[in-house]
Amino acid sequence: MEKKKGWKDVPLGGLIMEAGNADEYETGSWRTFKPVLDQEACNNCLICWIFCPDTSVLIEDEKIVGFDYVHCKGCGICAAECPKKAIEMVLDEEK
Amino acid sequence: MAKTSVPQIKMPLTGNDAGAYAMKQVNPDVVAAYPITPQTELMQEFAQYVHDGDVDTAFITVESEHSAMSACIGAAAAGARTMTATSANGFALMWEVLYIAASLRLPITMAVVNRALSGPINIHCDHSDSMGARDAGWIQMYAENPQEAYDLWLIGIKAAENHDVLLPAMIMYDGFIISHTMEVVETLPDDAVKDYVGPYKPAYAMLLDEKPFTVGPLDFHDYYFEHKRQEIEGMERAPAALAAAAAEYEKLSGRHYGPVETYRADDADVIMVALGSTAGTARYVVDVLRDQGKSVGLMKLRTFRPFPHGEVTDALGKTKCVVVCDRVASFGAFGSPTFMELRSALYEVAERPLVINYIYGLGGRDTGPDLLEQAFEEGLRVARTGEIEQHVSYLGVR
Ligand code: SF4
Ligand code: SF4
């Protein structure tokens, strides 16, 4: 874990000076349930990818290949929106 | 009258006239405001300046004071010199955004024309509006008369915009008593004001800076405290910035503005403390009582935030009794805000004076010399006997 900055070194007034640095914030630690994909049931409609608020549904060649568990907060939106019921939210016991 | 580097132009102005005239001379980039008595006239006059082309300010007429302060924050973050004004419940409606202006370190300046907070509904003066926001992170200065309303706003801009500080500032003056009362005010020439405030140099400017950045993101337990500590540091640097701004202003105007101002207080057994227009009445009463051989003086508290504890200790440390008059009640507290702060400041003084507190003038209740004389007499009794009968009393209530 990097050493956090003190008050003399943080940007004025809470500004964020670099674009896109939310990537460095590992929100995956907030998760209780994680999405697990049933490849058989999935038709790759990518509705889950559209709805995920954390861009954590991973896509390759227009096909879903899994989830970015470093950032997925486990909100379950993907599972709720999936028309094929191909995503199950399971208790994330690894953490 | 001290020699000044620029001519002083005498004008008959009310407090609101003086505020609007200061704004006109500053010619801010953006003003966003909503009308509320007794501030309305100030913005009405400024709107006239905008209409007549005397300024090139973008004047945003919003639908509420919450929006007024929010628009000011947006404009200031974009890189604009921004000003506004309000009173009482309009001020209360700005509440949450006052804190955001301060924490984003945006040096917005605002006139607060003091008026009692409802309820019961009332449009007259007391300090319940601005006193409630004493922990919002704004510099707060109380003007005694239209002259100070004009001068302190200019000084406030300079101190707030100082890059060591970068905090918003509010200038208070008493509703109706000052806002609607005409006096001769010495103003500076337009050029002198322009040179004094100088071109606006924002610390950051969303619309002007080359590189994009984010303003106002979520800030959790891991960094919020550091940002608040940083904001506190800005306020701790405000006394030096205010002193520098006032010193430079004194060269132009011959008028000296410290955080406190004493009157016949050096050898006084009893010193009254007052803010705003009441300080003028108290000065008169001091003269009356001095003529009767009574050892009394006055300390006017001009700057409430940052609270000038050192100056207060110096001014009051050697007296026998301090009579703190405050135009506001702090429900459930031991005394009014100024009483609490001031007693705390005096705690380390070896032979500290006894301190009594009078809450007066709520909802514009007239507080004339007779009432202040009554408070001085009680102070003299306490100084003589060394005994306080009641710490907190009410002046002029039936
Ligand atoms: S919404 Fe369901 S079916 Fe569509 S791609 Fe996602 S997991 Fe597959
Ligand atoms: S659970 Fe939420 S955050 Fe995680 S992949 Fe699904 S929609 Fe995205």
Side-chain angles (χ1 to χ4, degrees), chain A residues 1-35 48-59 67-81 87 89-95, chain B residues 72-79 82 97-108 136-138 160-168 201-237:
Chain A
M1 196 68 197
E2 41 128 22
K3 197 170 173 289
K4 287 196 172 67
K5 286 178 177 158
W7 66 267
K8 289 178 187 164
D9 302 313
V10 293
L12 184 82
L15 302 181
I16 295 177
M17 304 311 290
E18 305 135 49
N21 73 350
D23 195 39
E24 293 163 28
Y25 202 10
E26 300 189 355
T27 45
S29 66
W30 301 9
R31 192 174 54 235
T32 306
F33 291 90
K34 68 174 180 182
C48 54
W49 174 76
I50 291 168
F51 273 92
C52 174
D54 287 296
T55 57
S56 292
V57 177
L58 302 175
I59 303 292
F67 301 95
D68 167 11
Y69 290 122
V70 175
H71 295 100
C72 163
K73 293 175 192 155
C75 68
I77 289 173
C78 52
E81 296 295 336
I87 300 173
M89 298 303 291
V90 300
L91 193 62
D92 193 353
E93 288 172 310
E94 279 162 32
K95 291 184 288 126
Chain B
C72 286
I73 289 168
T82 306
V97 258
L98 289 177
Y99 284 73
I100 292 168
S103 64
L104 289 177
R105 313 299 296 278
L106 299 170
I108 297 160
W138 285 59
E161 292 177 2
N162 185 316
H163 280 207
D164 285 343
V165 179
L166 292 170
L167 287 172
K201 294 195 195 80
Y204 62 88
M206 294 186 85
L207 289 186
L208 305 174
D209 294 354
E210 292 289 322
K211 203 167 166 281
F213 55 91
T214 305
V215 175
L218 199 62
D219 195 5
F220 275 160
H221 45 274
D222 46 359
Y223 279 111
Y224 178 92
F225 201 171
E226 279 66 33
H227 287 120
K228 292 321 264 189
R229 175 66 188 86
Q230 205 181 48
E231 188 183 338
I232 291 164
E233 189 69 9
M235 188 59 94
E236 283 179 1
R237 292 176 187 163

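To find a chain, count down the sequence lines: A is the first, B the second, and so on, and within it residues start at 1.
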Heavy-atom neighbours of A:F51 CZ exceed 12 at 6.0 Å: no
Taking all atoms of both residues into account, what is the closest heavy-atom pair of A:G13 and B:L104, and its distance? O-CD2, 3.7 Å
Chain A heavy atoms under 4.5 Å from B:D209: which part of the residue, side chain, backbone, both or neither? neither
Atom group of B:A203 that falls short of 4.5 Å from chain A, counting heavy atoms: side chain
Count the heavy atoms of every other residue, nucleotide or ligand shown that sit under 6.0 Å from CH2 of A:W49, and state whether that count exceeds 12. no
Please round to the nearest 0.5 Å and tell me the distance separating atom OH of B:Y204 and atom CG of A:L12. 6.5 Å
Under 4.5 Å from any heavy atom of chain A, what part of B:L106 do you find: side chain, backbone, both or neither? neither
So, the part of B:Q230 with a heavy atom under 4.5 Å from chain A: the answer is both
Euclidean distance, B:E226 CD relative to A:K8 NZ, rounded to 0.5 Å: 12.5 Å
How close do A:E18 and B:K211 get, counting heavy atoms only, and between which atoms? CA-NZ, 4.4 Å
Does any non-hydrogen side-chain atom of A:Y25 lie less than 4.5 Å from one of B:L218? no
Can you name the nearest heavy-atom pair linking A:I16 to B:F213, along with the distance? O-CB, 3.2 Å
Using heavy-atom distances under 4.5 Å, tell me whether B:F225 contacts chain A through its side chain, its backbone, both, or neither. neither
Evaluate the side-chain proximity of B:Y223 to A:K5: yes if any heavy-atom separation is below 4.5 Å, no if none is. yes
